[in-house]
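All heavy atoms count here, side chains included; hydrogens, waters and symmetry mates do not. Residue numbers start at 1 and run along the sequence shown.
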Amino acid sequence: MRNGGCDQTCINHVGNHECTCEVGFTLNDDATSCDDIDECGLENGGCQGLCVNEPGSFRCACEAGFNLGEDGTSCHDIDECVMDNGGCE
């Protein structure tokens, strides 16, 4: 049995072992396998716009017409009129 039968991390103890999961994952009832935590499922991951779940993590994104703020969570309107006069002649 490799890695003590653990999905991710195996911690050796005298006479036995323990399975743990990396940050962003949760240990299942079988005490060996790990599942990704969907951070987006709780308050949209703290994102103002879109929340994109990724294995062990997540990231925020914004709809078209908005840029992601420096804080990585907020969305700011793009002033299209400032850029090439918004495509107007």
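- The minimum heavy-atom distance linking Cys19 with Thr32 is given by the pair SG-CA, 3.9 Å.
- Cys pair Cys75 and Cys62 passes the test of SG atoms under 2.5 Å apart.
- Atom CD of Gln8 sits about 5.0 Å away from atom SG of Cys21, to the nearest 0.5 Å.
- For residues 32-47, the set of pairs meeting the salt bridge (Lys or Arg N to Asp or Glu O under 4.0 Å) definition, not counting sequence neighbours, is empty.
- For Asp79, the side-chain contact (heavy atoms from CB on, under 4.5 Å) test picks out Cys81, Val82, with sequence neighbours left out.
- Within the structure, salt bridge (Lys or Arg N to Asp or Glu O under 4.0 Å) contacts touching residues 6-34 (residues at least two apart or in different chains) do not occur.
- Closest heavy-atom contact between Thr20 and Ile11: CG2-CD1, 3.7 Å.
- By the side-chain contact (heavy atoms from CB on, under 4.5 Å) test, Cys60 is found to be paired with Cys47, Phe58, Leu68, Thr73, residues two or more places apart in sequence or in another chain being considered.
- Put simply, CG on Leu27 and OG on Ser33 are 7.0 Å apart, with the number rounded to the nearest 0.5 Å.
- The shortest heavy-atom contact between Gly4 and His17 is O-NE2, 2.9 Å.
- Within the structure, salt bridge (Lys or Arg N to Asp or Glu O under 4.0 Å) pairs that include any residue of residues 57-66 comprise Glu54-Arg59 (at least two apart or interchain).
- Judged by distance alone, the side chain of Asn44 and the main-chain N or O of Leu50 form no donor-acceptor pair under 3.5 Å.
- Remark: Asn67 CG to Ile78 CD1 distance equals 3.5 Å, nearest 0.5 Å.
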